[in-house]
Chemist: 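Here you go, one structure.
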Amino acid sequence: MFDAERYLRRLGEHAVLGIDDDQHGFGSPLSDAATALVAVGAIAPDHPREVLSDYAAARAARDASGHFLMARLTAGWTPPALQRPAVGRMVALHEELEVAGWSVRLRYIELGAERTEISATYSARDPTPHRRMVPGHLGIPAALSKPTVTDDQGTALALHMGGGGSDDRWDAELTVDRPLATDTRRIELFGRRIELVDTPIDVEVTTESVDPDDPAHRHLWRRIAIGNRHFGANELGPATEALIAAGALAADDPMIELARLVQERVPGGMRHHPGSGSGAVHNAPDPWPSLLRRAGRSDGPTGMVIVGVATPVFDDHAAAVYCLDSHADGFTMLAAVSPPDVERHPGNLDLEDRSLAWWARDDRGNHYLGTWNGSRGDDAIKTGTLAFAPALDPVAKRLEVLPTGLHARAVISFPLTWSER
Amino acid sequence: MTAWWAGIAPAEIIVDCGEHRHRVRWERGQLLACDHEAVEDERALAALGGRPLACIELVRAWERHRADLRALVIGPRGGADELHPDPDDGQSGVVRRRRRRGSGFATMVSSSSGGAAAGGSRFSRSAHAESDDVAVLTALLTLGAGFGERLVATVAAEVVDRLRDGDPLIADALPRLDAALYGRVLAALRGWLGEPRLSLELTLIDHGAPRSLARVDGAVHAALPFDWVLEVWARELETVQGRFCLAAETDGAGDWQLATVAPDLRTTERIELRIR
């Protein structure tokens with residue numbers, strides 16, 4: 001009879017002895033196996049958490065990376081809380097101006113009941129290797145990093161700059177400590193008066209159930225869809241071996257090889273083979289073949305779509321989608337989710353596979369897959385950028401974003417009406 | 001009946017205890033603060049004075065963890081397995097600076113919650129208490145001079161007693177015991193046979209059941225009881241004269257009979273040892 005705890009502890013022994021350490025990148029075979037066994041009901045989640053904690057302590061006594069694990073695992077774990085992400089009034093800004101030798105492109109403003117945020121892109125007009133010496137936020141002049149914004153009621157507030165970028169380009173998130181008037185008709189920023197023109201788009205949000213699947217198969221496919229592809233953390237071996245050992249998966253199940261082939265071809269993955277197409281994997285379950293069909297293409301449209309919508313609760317989750325940015329090789333979406341999706345790493349303790357798989361599909365039958373690529377948040381809500389691949393079909397007119405849980409998903413449908421190109 | 005510690009060599013470390021450098025010695029299954037004559041009296045005095053004594057706190061921590069099954073998980077496996085906590089750590093409050101000579105040990109253990117349960121902690125224990133408790137246990141296991149191995153042996157002896165007594169609570173710990181045996185047998189076999197990727201199929205058997213080691217279809221199959229950890233591993237008898245030791249028995253007077261298997265995994269031989 002299969003003893004899941006014994007199986008995991010023996011895997012832990014392999015980790016202590018350094019067996020196969022070089023084969024799993026940033027992933028954790030023990031955590032992967034535990035998640036797989038929980039997914040098929042071979043073990044209750046609390047038991048593997050204790051096993052992981054034990055072996056994190058064992059690793060901590062042996063190497064520095066173990067200290068990180070130990071800190072994560074002994075920090076305790078509480079079930080994530082559900083809190084619906086807010087979406088304020090979102091208005092595209094369509095403004096380009098010059099400030100202190102930088103080109104500033106104002107993208108959109110979100111006016112929420114508790115928060116105001118302006119999205120902007122700063123580009124240095126005269127790149128210089130000494131820019132870091134300029135006083136200000138990461139070398140960006142104070143005029144750009146700490147501007148003042150004023151609404152039509154005369155409320156003037158200093159903006160704080162966040163975001164990310166390089167010496168010569170910065171994708172700025174400008175926020176204020178308290179919100180501007182949500183119904184303001186204009187703002188003043190960088191000395192310019194900007195009229196706010198609402199351009200509502202035809203956004204539909206529904207929820208639907210997800211077809212039940214064999215738990216072991218479902219786990220493997222979700223593993224590919226959700227795994228952190230950039231660090232090899234979606235390695236399927238430990239999960240597959242655990243499922244076979246538990247009797248949840250036959251060793252000769254053709255789905256194992258199919259999943260491995262798909263995993264190697266998922267766009268954006270570290271082992272992605274561009275142009276390999278879907279020929280070898282046409283037997284994979286939907287929607288994988290249509291995801292792989294456009295892999296490696298660089299013909300995506302360039303532009304932005306303001307979406308600004310939140311979902312109802314589905315599968316014990318709530319999500320929001322704010323903005324889509326498309327470029328030649330793919331597209332990104334600013335989004336939020338609660339409870340926060342867990343990005344896989346060796347200190348992961350969310351063994352119940354709660355994270356959403358972020359699918360999208362267009363009106364041409366193409367599918368796209370998104371993974372988190374930078375986020376912030378707290379215990380309840382994660383907000384950040386999802387990077388989708390492959391590139392949007394340039395002929396597509398409508399997109400559905402499909403945050404997908406174990407049993408249900410939301411369908412966020414909107415036209416690809418570019419507000420900035 | 002032979003004492004469980006028979007054949008395990010004494011060990012000693014030097015501890016910075018207040019203004020002095022003191023000896024703490026492991027001998028005959030006990031940890032002794034050699035330079036303190038009335039341990040309980042001195043501890044009471046130290047408590048009143050507010051300054052814990054490292055030697056005495058170390059001995060107390062050892063006693064608290066002598067049945068802590070987590071020692072089997074965190075502790076050494078033997079062979080090439082070495083415990084090396086990050087000496088620069090200490091910021092996280094999780095696993096603190098290694099104290100080779102026990103410096104500062106008193107401060108560390110006196111801040112811990114103590115009272116480790118024989119079955120190890122449950123995950124629901126508060127995070128700080130848990131991490132402090134693990135930090136103390138890890139510090140004990142990394143004292144050096146073979147103290148880690150001796151703490152593992154101490155815990156193993158407690159387990160063997162409870163298994164022999166039919167303690168129903170130990171049944172919950174069987175996966176932990178299985179893994180403790182598995183890891184140590186695997187570490188020994190990998191080094192002995194020179195096969196880093198050796199595949200081991202281990203069957204945990206009852207005390208007294210026939211022990212065996214054989215190769216089947218490329219994998220090494222072993223049938224051993226948990227007792228092997230105490231009987232063989234703790235005495236560093238895993239390999240003797242190029243042979244793998246399945247069992248070690250003593251008459252209590254220093255004479256040992258070892259049941260061994262040669263590297264062909266077929267030839268069984270007995271070896272006699274005498275410690276004088």
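Chain letters run A, B, ... following the sequence lines, proteins first and then strands; every chain starts at 1.
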Chemist: Got a second to check how far Leu17(A)'s CG is from Leu198(B)'s CG, nearest 0.5 Å?
Modeler: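 CG of Leu198(B) is found 11.0 Å from CG of Leu17(A).
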Chemist: For Leu177(B), is it the side chain, the backbone, both, or neither that has a heavy atom closer than 4.5 Å to a heavy atom of chain A?
Modeler: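 Looking at Leu177(B), nothing touches chain A.
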Chemist: When you measure from the side chain of Arg176(B) to the backbone of Val51(A), do you find a donor-acceptor pair of N or O atoms at a distance under 3.5 Å?
Modeler: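 Flag not set: sc Arg176(B) to bb Val51(A) has no pair under 3.5 Å.
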Chemist: Got more than 12 heavy atoms from elsewhere within 6.0 Å of CG, Asp316(A)?
Modeler: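 Check fails, neighbour count at 12 or below.
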Chemist: To the nearest 0.5 Å, what is the distance between CZ (Arg6(A)) and CG (Leu202(B))?
Modeler: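 Result: 8.0 Å between the selected atoms.
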Chemist: Out of Leu186(B), Leu204(B), Leu200(B), Leu141(B), return the one with the most heavy atom pairs under 4.5 angstrom to chain A.
Modeler: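 The option with the most such pairs is Leu186(B).
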Chemist: For the pair Asp178(B) and Arg10(A), find out whether any cationic side-chain nitrogen is under 4.0 Å from an anionic carboxylate oxygen.
Modeler: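 Judged by the 4.0 Å cut-off on N to carboxylate O distance, Asp178(B) and Arg10(A) do form a salt bridge.
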Chemist: What is the minimum heavy-atom distance between Ile74(B) and Arg62(A), and which atoms define it?
Modeler: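 Of all heavy-atom pairs spanning Ile74(B) and Arg62(A), the closest is O-NH1, 2.9 Å.
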